[in-house]
Amino acid sequence: MRRTTICRSSRAVLLVLAAVPLTWTVLPAQDTTQAAPAAMGQVPASHTVSRGETLWSISQMYFADPLLWPEIYRLNTNVVEDPHWIYPGEVLVLAPVVGVVASGSDTVVAVPQDTTVAAADTVPAVGGDTIAAVPDTMPADTTALFVEPPPPEPVGESSETMFDRRRTPQQRVQDVLRAYSHQPYRPLRSGEFYAAGFLTENERLPWGTVIGVTTPPAIHRLSDRSTAMPYDEISIKPPSRASYHVGDSLLIARIDRAIQFGDWGEVVVPLGIARVTSVEDEQVLAKVITQFGRIRDGHVSLPLEPFKNPGEVRPTPVEQGLHGQLLASRDSRAIAGPQQFFFIDKGRAQGVVPGDVFEVYRPAAGELGSASEEVRAVLMIVHTREHSATGMVLQILHPGLDPHLPVRLIKKMPS
């Protein structure tokens with residue numbers, strides 16, 4: 001009887017010892033040369049994303065297994081919205097994804113057990129034998145969380161794209177407002193310079209004559225006098241002993257009227273700019289590239305004056321600046337308005353340059369009970385001649401800008 005009891009106890013011990021290793025899952029040996037940080041417990045608590053990195057590459061770096069990247073994404077869903085897009089500067093939490101223990105040349109991964117159900121799947125002993133319960137060691141089903149990782153990026157290429165970082169609606173509104181409030185200042189544009197007009201000051205200028213339009217009209221003309229449109233080709237008779245070349249630019253203008261007082265000559269009103277396309281014996285052909293007004297037969301042409309861009313400098317306020325007087329308006333209008341051009345009697349000889357700002361005012365009468373000084377308009381100089389200049393109205397305070405009203409310099413461009 002004693003002998004039989006000893007045999008039954010030995011059998012139970014063997015069964016228990018045989019069941020104990022089943023609680024661990026031994027994985028095949030892996031190369032631990034690349035998993036040194038994880039094996040030695042050197043995985044940092046967090047990682048700051050650098051340019052070109054992906055969850056795939058970060059998982060390979062710290063855990064020597066790029067397929068563990070979904071676990072990193074699961075720990076950082078509050079930072080990463082889309083696992084395919086991570087951005088430089090983001091801080092990712094690197095809590096231990098799995099327990100990694102170095103054991104000789106093999107790496108043993110301990111899978112946590114489900115302890116929520118007590119005494120799960122116990123097998124009753126048969127014939128007095130007690131067999132230890134074998135826990136369910138199957139890993140959890142993670143197929144629902146698996147997302148196909150992006151392919152590895154070629155070495156040497158940048159991952160930055162035009163969609164590098166999505167901006168919030170508030171940031172987009174701030175960008176628009178910032179663009180309006182920080183616009184570059186341009187005191188003068190080339191279009192204002194060429195469209196302003198000027199006084200001839202009784203100087204003999206090398207005028208050519210517009211003969212007509214050579215481009216066949218798309219609509220039948222009702223008169224013999226043709227009108228050129230943009231990109232039409234016109235024929236010009238150059239002045240005697242003039243030398244034109246293909247590519248030269250010409251100012252097309254009309255002579256409006258003569259100034260009745262002083263030696264100011266005639267008013268020149270620009271109509272457009274044409275570029276020479278062909279040079280022949282008695283004429284040149286030019287294509288209209290810019291138009292300010294109607295270009296007709298009999299109008300005049302002149303080699304285009306070069307425009308000097310002043311940049312983004314601002315005029316500086318001055319006190320006791322240059323004084324002069326208003327000569328006339330370029331256009332015959334009874335009431336002055338903004339963007340209208342006026343001539344003053346000061347030019348390059350007196351130091352006036354494009355971008356200078358003048359003030360038109362009516363002085364005080366100086367008598368008891370009379371009105372005080374009245375500012376009527378602000379002009380910005382857009383074109384200069386030797387003794388005269390053309391100003392564009394920036395601000396109008398009174399429509400009566402009569403000739404001979406005094407003007408004074410209030411802002412001067414840096415020299």
Side-chain angles (χ1 to χ4, degrees), residues 186-203 205 251-272 292-293 300 302 305 307-308 310 314-315 317-318 320-364 371 373-413:
R186 296 183 178 88
L188 181 63
R189 295 170 173 82
S190 60
E192 298 167 345
F193 175 79
Y194 290 122
F198 54 89
L199 299 176
T200 61
E201 298 182 0
N202 290 326
E203 181 183 358
L205 299 175
L251 179 69
I252 311 299
R254 62 180 172 86
I255 306 299
D256 188 72
R257 67 188 188 277
I259 301 296
Q260 300 298 328
F261 57 90
D263 297 330
W264 303 110
E266 299 170 317
V267 176
V268 178
V269 180
L271 300 175
F292 308 127
V300 295
L302 183 72
E305 181 181 356
F307 168 70
K308 183 179 179 181
R314 294 178 179 268
V318 296
Q320 303 298 326
L322 181 67
H323 283 70
Q325 68 174 357
L326 201 67
L327 294 178
S329 170
R330 192 200 70 175
D331 305 309
S332 299
R333 296 180 182 176
I335 299 178
Q339 307 298 313
Q340 190 174 346
F341 296 102
F342 283 83
F343 305 117
I344 65 173
D345 64 344
K346 302 299 178 184
R348 290 193 293 260
Q350 291 77 33
V352 179
V353 297
D356 290 350
V357 179
F358 280 81
E359 199 174 56
V360 183
Y361 66 99
R362 191 192 68 175
E373 180 182 290
E374 178 188 12
V375 176
R376 295 201 168 184
V378 177
L379 305 176
M380 182 182 70
I381 302 301
V382 294
H383 191 280
T384 58
R385 296 277 288 168
E386 191 64 24
H387 300 287
S388 63
T390 307
M392 182 177 65
V393 178
L394 296 181
Q395 184 180 10
I396 185 78
L397 303 175
H398 192 285
L401 299 185
D402 304 321
H404 307 295
L405 279 176
V407 299
R408 60 190 172 202
L409 180 67
I410 59 173
K411 291 183 180 181
K412 179 66 179 173
M413 289 290 287

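Nearest heavy atoms, Ala195 versus Arg330: O-NH1, 2.6 Å. Of all heavy-atom pairs spanning Phe292 and Pro270, the tightest one is CB-O, 3.8 Å. Across all non-hydrogen atoms, the minimal contact from Pro317 to Lys411 is CA-CG, 4.0 Å. The shortest heavy-atom contact between Glu192 and Pro187 is OE1-O, 4.5 Å.
Contact annotation: the side chain of Val352 approaches that of Leu322 to within less than 4.5 Å [non-hydrogen atoms, C-beta and beyond]. Contact annotation: the side chain of Gln339 approaches that of Met392 to within less than 4.5 Å [non-hydrogen atoms, C-beta and beyond]. Met413 is not listed as a side-chain neighbour of Pro354, based on a closest heavy-atom distance of 4.5 Å or more. Contact check for Leu251 versus Leu271: no side-chain heavy atoms found under the 4.5 Å cut-off. Side-chain contact between Trp264 and Phe343 is absent, with no heavy atoms from C-beta onward closer than 4.5 Å. Counting only heavy atoms from C-beta outward, the side chains of Ser329 and Gln340 approach each other to under 4.5 Å. Counting heavy atoms from C-beta on, the side chains of Leu326 and Pro403 never come closer than 4.5 Å. The side-chain heavy atoms of Asp356 and Met380, taken from C-beta on, include no pair separated by under 4.5 Å.
Residue Val357 is tested with Val378, Leu379, Leu409, Val318 for a side-chain contact (heavy atoms from CB on, under 4.5 Å); the sole match is Val378.
Applying the ring pair (Phe, Tyr, Trp, His ring centres under 6.0 Å) test to Phe198 and every residue at least two apart in sequence or in another chain returns His383. For the side-chain hydrogen bond (donor to acceptor under 3.5 Å, both in side chains) test, residues two or more places apart in sequence or in another chain that qualify with Glu203 are Arg385.
Rounding to the nearest 0.5 Å places CG of Leu199 at 6.5 Å from CG of Leu327. With rounding to the nearest 0.5 Å, the separation of CD1 in Ile259 from OG in Ser388 is 9.5 Å. Interatomic distance, Leu405 CG to Glu359 CD, rounded to the nearest 0.5 Å: 12.5 Å.
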Mind listing the side-chain donor-acceptor pairs of residues 393-401 below 3.5 Å, one per line with the distance, residues two or more places apart or on another chain?
{"from": "His398", "atom 1": "ND1", "to": "Gly400", "atom 2": "N", "distance (Å)": "2.9"}

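Counting non-hydrogen atoms of other residues, nucleotides and ligands closer than 6.0 Å to CD of Gln320 gives a total of 12 or fewer. Counting non-hydrogen atoms of neighbouring residues, nucleotides and ligands closer than 6.0 angstrom, the NZ atom of Lys412 exceeds 12 such neighbours.
Although no hydrogens or angles enter the test, the distance criterion places a donor-acceptor pair under 3.5 Å between the side chain of Thr390 and the main chain of Gly197. Glu201 contributes a side-chain N or O that, together with a main-chain N or O of His387, makes up a donor-acceptor pair within less than 3.5 Å. Although no hydrogens or angles enter the test, the distance criterion places a donor-acceptor pair under 3.5 Å between the side chain of Thr200 and the main chain of Glu266.
Using a 4.0 Å cut-off between charged side-chain N and carboxylate O, Glu386 and Lys346 make no salt bridge.
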Practice task
Any chance you could lay out the side-chain contact (heavy atoms from CB on, under 4.5 Å) test for Phe341 and Val382, step after step, and finish with the verdict?
Solution key: CA-CA 9 Å; Phe341 296 102; Val382 294; 3.9 Å; yes
Exercise for the section: Given side-chain contact (heavy atoms from CB on, under 4.5 Å), test Glu305 with Phe193 step by step and report yes or no. Expected result: CA-CA 10 Å; Glu305 181 181 356; Phe193 175 79; 3.8 Å; yes
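Geometrically, Arg408 engages Tyr361 in a cation-pi contact defined by less than 6.0 Å to the ring centre and at most 45° from the axis.
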